[in-house]
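In what follows, a single structure is set out as structure tokens and then discussed.
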Amino acid sequence: MRKIKICYWLHEYISASETFILSQMEHFRMHHHVQVLCFKNFTAADGIVEMSLPHKWIRYLNAKLHYFPMVSGNLKRTARDRFEKEDYDVLHCHFGLQALSLLDNYVPRNMPIFISFHGYDITLILEQSWLY
């Protein structure tokens with residue numbers, strides 16, 4: 001079996017309520033190369049790449065409006081550089097809002113992108129934001 005390079009995109013690595021994501025990554029690590037890109041690495045785990053945060057006012061609007069495009073020049077550059085350097089086989093984003101924060105800035109070409117929706121981002125946010 002050929003090892004594939006899986007890229008996970010998360011805002012934070014790894015919050016206490018998201019242990020299911022960590023379990024999934026650990027399972028895939030047994031057979032494949034897994035890389036995590038995120039804004040914050042709370043566990044200081046090795047091999048986790050922190051990306052540039054969008055400006056505070058963009059993050060503020062995003063939180064208040066339940067979705068505001070998080071366009072950021074720094075994130076665009078760091079994401080483009082990372083995806084061109086690493087040559088991932090697949091991108092997996094957990095949570096729709098988190099996926100948009102990356103995809104508003106950079107959409108990797110010629111790569112399958114999987115987005116998993118979990119609860120609030122497919123129910124509550126849809127009711128609260130016409131932009132989302």
Between Y13 and L22, is there a side-chain heavy-atom distance shorter than 4.5 Å?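 Answer yes - side chains close enough.
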Between M25 and L10, is any pair of side-chain heavy atoms under 4.5 Å apart?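 When only atoms from C-beta onward are counted, L10 and M25 do touch, with a gap below 4.5 Å.
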Hey, are Q24 and H94 close enough side-chain-wise for a donor-acceptor pair under 3.5 Å?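 There is such a pair between these side chains.
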Between D89 and K5, is there a donor-acceptor pair closer than 3.5 Å when you use the side chain of the first and the backbone of the second?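 A pair under 3.5 Å: yes.
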Residue pair L91, L102: steps toward the side chain to side chain contact (heavy atoms under 4.5 Å, CB included) verdict: CA-CA 11 Å; L91 170 63; L102 175 65; 3.9 Å; yes
Specify whether F114 and H92 have parallel, tilted or perpendicular ring planes, treating 30° as the upper limit for parallel and 60° as the lower limit for perpendicular.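 The rings of F114 and H92 stand perpendicular, inter-plane angle above 60°.
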Take the angle between the ring planes of F28 and H32 and call it parallel below 30°, perpendicular above 60°, tilted in between.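 Tilted: the ring planes of F28 and H32 meet at 30° to 60°.
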Begin with the C-alpha distance, continue with both residues' side-chain angles, and end with the deciding distance and a verdict on side chain to side chain contact (heavy atoms under 4.5 Å, CB included) for V107 and I113. CA-CA 9 Å; V107 178; I113 300 172; 4.2 Å; yes
How far apart are the closest heavy atoms of [X] and [Y], and which atoms are they?
{"X": "L75", "Y": "S101", "result": "CD2-O, 3.5 Å"}
{"X": "K40", "Y": "C38", "result": "O-SG, 3.3 Å"}
{"X": "G96", "Y": "F117", "result": "CA-CE2, 3.5 Å"}
{"X": "Q98", "Y": "H11", "result": "OE1-N, 2.9 Å"}
{"X": "I58", "Y": "V71", "result": "CD1-O, 3.1 Å"}
{"X": "L53", "Y": "S72", "result": "O-OG, 4.3 Å"}

Roughly how far, to the nearest 0.5 Å, is [atom2] of [Y] from [atom1] of [X]?
{"X": "L100", "Y": "I115", "atom1": "CG", "atom2": "CD1", "result": "6.5 Å"}
{"X": "K76", "Y": "N74", "atom1": "NZ", "atom2": "CG", "result": "11.5 Å"}
{"X": "F83", "Y": "M111", "atom1": "CZ", "atom2": "CE", "result": "5.5 Å"}
{"X": "Q35", "Y": "R29", "atom1": "CD", "atom2": "CZ", "result": "8.5 Å"}

Show your reasoning for whether side chain to side chain contact (heavy atoms under 4.5 Å, CB included) applies to L103 and W9. CA-CA 10 Å; L103 300 176; W9 168 254; over 6 Å; no
Taking atom CG as the centre, does D81 end up with more than 12 heavy-atom neighbours from other residues, nucleotides or ligands that are less than 6.0 angstrom away?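 Yes, enclosed.
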Are R82 and Y106 close enough, and set up right, to give a side chain to side chain contact (heavy atoms under 4.5 Å, CB included), and what steps lead you there? CA-CA 11 Å; R82 175 60 50 181; Y106 184 77; over 6 Å; no
